[in-house]
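See below for the structure under consideration.
To find a chain, count down the sequence lines: A is the first, B the second, and so on, and within it residues start at 1.
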Number of protein chains: 4
Amino acid sequence: MSNEAPASVGHNSFAASELKTLIERVERLEEEKAALAEDITEVYGEAKSQGFDTKLMRQVVRLRKMDEAERREAAAILELYMSALGMRL
Amino acid sequence: MSNEAPASVGHNSFAASELKTLIERVERLEEEKAALAEDITEVYGEAKSQGFDTKLMRQVVRLRKMDEAERREAAAILELYMSALGMRL
Amino acid sequence: MSNEAPASVGHNSFAASELKTLIERVERLEEEKAALAEDITEVYGEAKSQGFDTKLMRQVVRLRKMDEAERREAAAILELYMSALGMRL
Amino acid sequence: MSNEAPASVGHNSFAASELKTLIERVERLEEEKAALAEDITEVYGEAKSQGFDTKLMRQVVRLRKMDEAERREAAAILELYMSALGMRL
DNA sequence: CCGGGAGGAGAGGTCC
DNA sequence: GGACCTCTCCTCCCGG
């Protein structure tokens with residue numbers, strides 16, 4: 001095992017400190033992510049209070065996301081074809 | 001069905017515009033959420049490249065989140081007690 | 001707890017027998033599923049031996065699956081719209 | 001690149017046809033696989049409606065699968081030993 | 001209380 | 001052959 005591997009035993013206080021920092025970064029990001037999830041819920045709540053069908057809205061959002069994913073996928077296939085044909089990208 | 005409900009047929013261009021705005025707000029928020037999810041993935045990537053076990057890290061994050069939930073639960077119970085006792089919060 | 005609940009203690013030999021049957025059905029289905037997964041792998045193997053690019057093939061299959069999913073999603077939205085408008089399906 | 005490689009450019013209509021057939025075979029198999037996955041879901045649904053805890057059932061199935069894997073592993077080792085000892089299998 | 005959707009863990013495929 | 005990465009499956013949580 002390499003002597004600079006953070007997971008190694010012995011003199012690992014630096015590794016522990018690094019780990020702590022990484023975990024705190026993750027937790028900070030997850031907090032922000034959760035806040036955004038709440039914001040989204042609130043927007044749907046607004047929509048509902050204005051008489052919109054949120055189930056329908058969610059489906060629309062999902063469909064638009066699928067469109068986007070498909071567009072990206074198609075682009076990836078095109079790139080792959082061109083690569084297979086030895087063409088410059 | 002109420003005649004001012006946005007989902008009603010007839011004179012619904014305003015409703016359509018409102019709906020568009022709401023959906024765009026949701027999509028904008030979801031993009032930001034996805035960006036944060038990527039950031040989190042990157043942090044785990046960093047951790048991995050430094051020799052940390054990301055699976056373990058994820059467990060740590062999950063446990064700390066549960067602790068946090070428990071702490072909030074305890075606080076809620078305390079609040080309930082105080083409320084029941086007519087005490088100011 | 002209801003006395004006819006299979007999970008109840010006492011006189012549960014019938015429940016145990018039922019459970020055994022259900023689990024065996026699941027296992028039988030999973031075996032067939034695994035066999036099909038092997039078949040798919042074999043088809044890709046054939047394709048590769050005939051000089052086809054399996055990575056490209058997989059991406060094509062994935063894209064077609066996405067098309068199908070999108071088509072179904074669009075149909076679901078249409079159905080929802082019609083339902084919302086009180087139209088017979 | 002070999003001149004009979006299906007992916008080669010020129011006179012590739014036969015290759016295209018072959019490719020189409022292969023992709024359709026894959027898709028047919030994947031449909032059957034998806035159908036079996038649905039069947040499994042239905043069996044769990046039945047179990048649930050009979051009062052069984054499906055989460056537990058899934059664990060049982062997983063454990064039995066692991067047992068099976070272990071049994072096969074042991075058999076493979078035995079086979080290896082017998083082979084090493086020049087014994088008929 | 002139940003079903004569907006979102007997120008995470010584990011498995012298989014691909015690339016190096 | 002090993003590591004990354006995508007995909008599938010499972011679990012959990014929110015909305016109905």
Atom CD1 of A:I40 and atom P of F:dC14: how far apart are they, to the nearest Å?
14 Å
Heavy-atom closest pair, residues C:A76 and A:Q59:
CB-NE2, 3.2 Å
Is A:L56 reachable from B:L22 through a run of hydrophobic residues whose side-chain heavy atoms are each under 4.5 Å from the next?
yes
Rounded to the nearest angstrom, tell me the gap between atom CD in C:E42 and atom P in E:dG13.
12 Å
Checking A:R71 now: which residues fulfil salt bridge (Lys or Arg N to Asp or Glu O under 4.0 Å) with it, not counting sequence neighbours?
A:E68
How long is the line joining CD of A:E30 and P of F:dC12, in whole Å?
17 Å
Could you check which residues of residues 57-75 of chain D get a heavy atom under 4.0 Å from DNA chain F? Sort them by number, please.
D:R58, D:R62
Quick test of your reading: applying side chain to side chain donor-acceptor pair (under 3.5 Å), list the pairs with at least one residue in residues 14-25 of chain C, sequence neighbours left out, ordered by first then second residue.
C:K20-C:E24, C:R25-D:E46
For A:E73, the side chain to side chain donor-acceptor pair (under 3.5 Å) test, sequence neighbours excluded, returns C:R62
Looking across every strand, which nucleic acid part, if any, lies under 4.0 Å from C:K33 by heavy atom: base, sugar-phosphate, or nothing?
sugar-phosphate
Under 4.0 Å between a side-chain N/O of C:K55 and OP1 or OP2 of E:dC15, yes or no?
yes
Which ILVMFWY residues are connected to B:Y81, directly or by a chain of links, through side-chain heavy atoms under 4.5 Å apart?
B:I77
Rounding to a whole Å, what distance do you find between C:E38:CD and E:dG13:P?
10 Å
Is the shortest side-chain N/O distance from A:T41 to OP1 or OP2 of F:dC14 below 4.0 Å?
no
Rounded interatomic separation in angstrom, taking CG from D:D53 and P from E:dC2:
13 Å
d(C:D67 CG, C:L63 CG) to nearest 0.5 Å is 5.0 Å
Phosphate-side-chain proximity, A:K48 and F:dG16, N/O vs OP1/OP2 below 4.0 Å
yes
Between F:dC14 atom C1' and A:L36 atom CG, what is the distance in whole Å?
17 Å
B:F52 has an atom CZ; how far is it from atom P of F:dA3, in whole Å?
18 Å
Could you tabulate the donor-acceptor pairs under 3.5 Å formed by side-chain atoms of residues 29-45 of chain D, not counting sequence neighbours?
residue, atom, partner, partner atom, Å
D:E30, OE1, C:K65, NZ, 3.1
D:E32, OE2, D:R28, NE, 3.4
D:T41, OG1, D:A37, O, 3.1

Partner set under side-chain contact (heavy atoms from CB on, under 4.5 Å) for A:I23, not counting sequence neighbours
A:L19, A:E27, B:M57, B:V60, B:V61, B:R64
Between the two end axes of the helix from E:dC1-F:dG16 to E:dC16-F:dG1, each built from 5 base pairs, what angle do you get to the nearest 10°?
10°
